[in-house]
Asker: 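Attaching a single structure in structure tokens format; questions to follow.
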Amino acid sequence: MVIAFLCRIGYRRTSSLYDRFHSTYVKRMRYMFQLKEDDNACREAYNSGDFFLFHNFCPFVQQKGKTFWTPKINTAGKIKRLFGKYRESEERIEDSIVIGCSEECTPYFALDLGSLERSAIESELNGTFTKLQKAFFQLEKEDAALISTAQALLHWHEDNQYCRKTGQPTTKNLAGSKRVCHNSGIIYYPQMSPVVITLVSDGSRCLLIRQASFPKGMYSALSGFCDVGESVEETVRREVAEEVGLEVESLWYSASQHWPFPNSSLMIACHALVHPERSKISINRQELEAAKWFSLEEVVEALGREPKLSKGKDESLSFWVPPKQAIAHQLLQEWVKEQVSGPA
């Protein structure tokens, strides 16, 4: 069963490659676990770690051609010197949170410098603090994932500084993987909300929707939060029925993605099939602005376009789809591939 899983995710059934995957990945995960559970180990890791900086939840970025990149300050000493220059205690470094590590087990930390003067730090580091919504689609994939994780965790710590039972302050462990109320003994762990995102098809067309909050001309897959007590399958069926008045005949899972907008969510991507003879749309106007069936040719054309995301919208396009960083784009690519080549 393990070998079958490895084959499905693209690893060949060779002992050397399996050993390399096993040793590298397991080593990283065990190291991350140690940092989260052992404050002394986390404190020691500052000395070898890389730091991603924020200012009031805005990541620090620099321009690289047409894209952004997120430079990492690679020593705790540089962070402490920065604090010293602006008369902050060196102990502020313990406000950092662990957000990951490299293949070589270099730990990655995130630190918000919201208490310091923004313009002074930008001048000092030769970059800018910008909103994640602006930077996310122009960052490299690895940096985008790390930065969105960091912002979600920083927001969670900001929102959970007091115990919901006692009202007393909570304390984070050094890694930032939990907060503890020492009066009640309650341990709080970061949470995110599960959301299904579903590409509905009737066999030859796919259904895309617009919400009023979308940039002009953008259509995407249907999505909605899971209700308490629901399975993913139940959520898919309910959301499709509620929003477009269709009944799902079958569905299957595709992939998942952490999504930081507007708050931390786990996007669970699925495909759903409805009967072509029962595919008349009935739009729920309280939820959607529009919903339409699109042909293969229309979707292929839209996937080939490059919307001007730096401005948040592209006024010249009447129909475009989310960019490749969004899991909705992956669902559309999968649907096109199935239409062209047939089911696997």
Side-chain angles (χ1 to χ4, degrees), residues 32-33 35-37 39 42-43 46 49 51-61 70 79 83 88-89 91-100 107-118 121 129-137 139 143-197 211 213 223-230 235 256-268 326-327:
M32 288 289 292
F33 179 82
L35 295 183
K36 292 175 182 178
E37 298 299 320
D39 281 357
C42 187
R43 187 176 287 108
Y46 292 150
F51 292 80
F52 291 80
L53 301 182
F54 288 73
H55 193 282
N56 292 327
F57 310 115
C58 293
F60 179 74
V61 298
T70 50
I79 296 289
F83 285 146
E88 285 278 335
S89 169
E91 293 182 359
R92 273 285 320 279
I93 198 170
E94 296 194 355
D95 291 340
S96 302
I97 57 174
V98 174
I99 58 172
Y108 294 146
F109 296 92
L111 178 62
D112 197 295
L113 303 178
S115 62
L116 304 182
E117 183 183 346
R118 175 171 175 164
I121 300 299
F129 293 100
T130 189
K131 290 185 177 181
L132 183 60
Q133 291 91 328
K134 180 180 179 180
F136 183 80
F137 296 107
L139 290 169
D143 280 351
L146 285 168
I147 292 302
S148 64
T149 297
Q151 193 205 55
L153 285 171
L154 290 169
H155 267 297
W156 181 83
H157 282 287
E158 176 74 11
D159 294 341
N160 289 272
Q161 296 186 35
Y162 297 91
C163 176
R164 290 191 290 270
K165 183 176 181 179
T166 66
Q168 296 300 308
T170 58
T171 305
K172 86 171 184 71
N173 65 334
L174 278 192
S177 61
K178 58 188 175 183
R179 298 188 73 89
V180 180
C181 174
H182 295 289
N183 285 273
S184 65
I186 297 175
I187 301 175
Y188 294 94
Y189 294 96
Q191 296 179 341
M192 58 183 176
S193 302
V195 177
V196 295
I197 179 164
Q211 295 179 350
S213 59
S223 64
F225 287 94
C226 296
D227 280 349
V228 172
E230 280 188 330
T235 303
S256 62
Q257 176 188 30
H258 173 253
W259 194 245
F261 311 117
N263 298 305
S264 185
S265 300
L266 175 64
M267 305 296 291
I268 305 166
I327 204 164

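Residues take their numbers from the sequence shown, with the count starting at 1.
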Asker: List the residues meeting salt bridge (charged side-chain N to carboxylate O under 4.0 Å, His left out) with Glu230, not counting sequence neighbours, and say none if there are none.
Answerer: Arg238
Asker: Who passes ring-ring contact (aromatic ring centres under 6.0 Å, His included) against Trp259, sequence neighbours left out?
Answerer: Phe136, Phe261
Asker: Among residues two or more places apart or on two chains, list those pairs meeting ring pair (Phe, Tyr, Trp, His ring centres under 6.0 Å) that have a residue in residues 146-181.
Answerer: Phe57-His155
Asker: For Arg43, which residues count as a salt bridge (charged side-chain N to carboxylate O under 4.0 Å, His left out) partner, sequence neighbours excluded?
Answerer: Glu94
Asker: According to side-chain hydrogen bond (donor to acceptor under 3.5 Å, both in side chains), does anything in residues 182-194 pair up with another residue at least two apart or in another chain? List the pairs.
Answerer: none
Asker: In Å, rounded to the nearest 0.5 Å, how long is the span from CG of Leu132 to CZ of Phe54?
Answerer: 7.0 Å
Asker: Calculate, to the nearest 0.5 Å, the distance between atoms CD1 and CG belonging to Ile97 and Leu153 respectively.
Answerer: 4.5 Å
Asker: Drop me the distance from Gln151's CD to Asp112's CG, to the nearest 0.5 angstrom.
Answerer: 9.5 Å
Asker: Which residues pass the ring-ring contact (aromatic ring centres under 6.0 Å, His included) test with Phe129, not counting sequence neighbours?
Answerer: His55, Phe60
Asker: So Val98 and Pro107, do their side chains get closer than 4.5 Å, heavy atoms only?
Answerer: no
Asker: Could you grab the distance from atom CD of Gln257 to atom CG of Leu266, nearest 0.5 Å is fine?
Answerer: 9.5 Å
Asker: Grab the two heavy atoms, one from Cys181 and one from Gln168, that are nearest each other, plus how far apart they are.
Answerer: SG-CB, 4.4 Å
Asker: Tell me every residue that passes side-chain contact (heavy atoms from CB on, under 4.5 Å) with Thr70, counting only those two or more places apart in sequence or in another chain.
Answerer: Phe52, Val61, Leu139, Asp143, Ile147
Asker: Side chain to side chain contact (heavy atoms under 4.5 Å, CB included) for Leu111 and Asp95? Distances and angles first, verdict last.
Answerer: CA-CA 7 Å; Leu111 178 62; Asp95 291 340; 3.9 Å; yes
Asker: Suppose we screen for side-chain contact (heavy atoms from CB on, under 4.5 Å). Which residues come up paired with Asp39, at least two apart in sequence or across chains?
Answerer: Asn173, Leu174
Asker: Would you say Leu53 and Ile79 make side-chain contact, with heavy atoms under 4.5 Å?
Answerer: yes
Asker: Do the side chain of Thr170 and the main chain of Gln161 share a donor and acceptor less than 3.5 angstrom apart?
Answerer: yes
Asker: If you round to the nearest 0.5 Å, how far is OG of Ser256 from CD1 of Ile197?
Answerer: 12.0 Å
Asker: Do you know which two heavy atoms are closest between Lys36 and Ala175, and how far apart they sit?
Answerer: CA-CB, 3.7 Å
Asker: With sequence neighbours left out, what residues match Glu158 under salt bridge (charged side-chain N to carboxylate O under 4.0 Å, His left out)?
Answerer: none
Asker: If the condition is side-chain hydrogen bond (donor to acceptor under 3.5 Å, both in side chains), which residues does Thr130 pass it with, not counting sequence neighbours?
Answerer: none
Asker: Please check if the number of heavy atoms outside Lys178 that lie under 6.0 Å from its NZ is greater than 12.
Answerer: yes
Asker: Does Arg179 have any salt bridge (charged side-chain N to carboxylate O under 4.0 Å, His left out) partners at least two apart in sequence or in another chain, and if so, which?
Answerer: none
Asker: Rounded to the nearest 0.5 Å, how far apart are CD1 of Ile187 and OG of Ser177?
Answerer: 9.5 Å
Asker: Would you name the heavy atoms of Lys172 and Ser96 that are closest together and state the gap between them?
Answerer: NZ-O, 2.9 Å
Asker: Test of understanding: with ring-ring contact (aromatic ring centres under 6.0 Å, His included), list the residues that count as partners of Tyr46, not counting sequence neighbours.
Answerer: Phe109
Asker: Assess the residue pair Ser115 and Glu88 against the criterion (side chain to side chain contact (heavy atoms under 4.5 Å, CB included)); give the C-alpha distance rounded to whole Å, side-chain angles, the decisive distance to 0.1 Å, and a yes or no.
Answerer: CA-CA 9 Å; Ser115 62; Glu88 285 278 335; 3.4 Å; yes
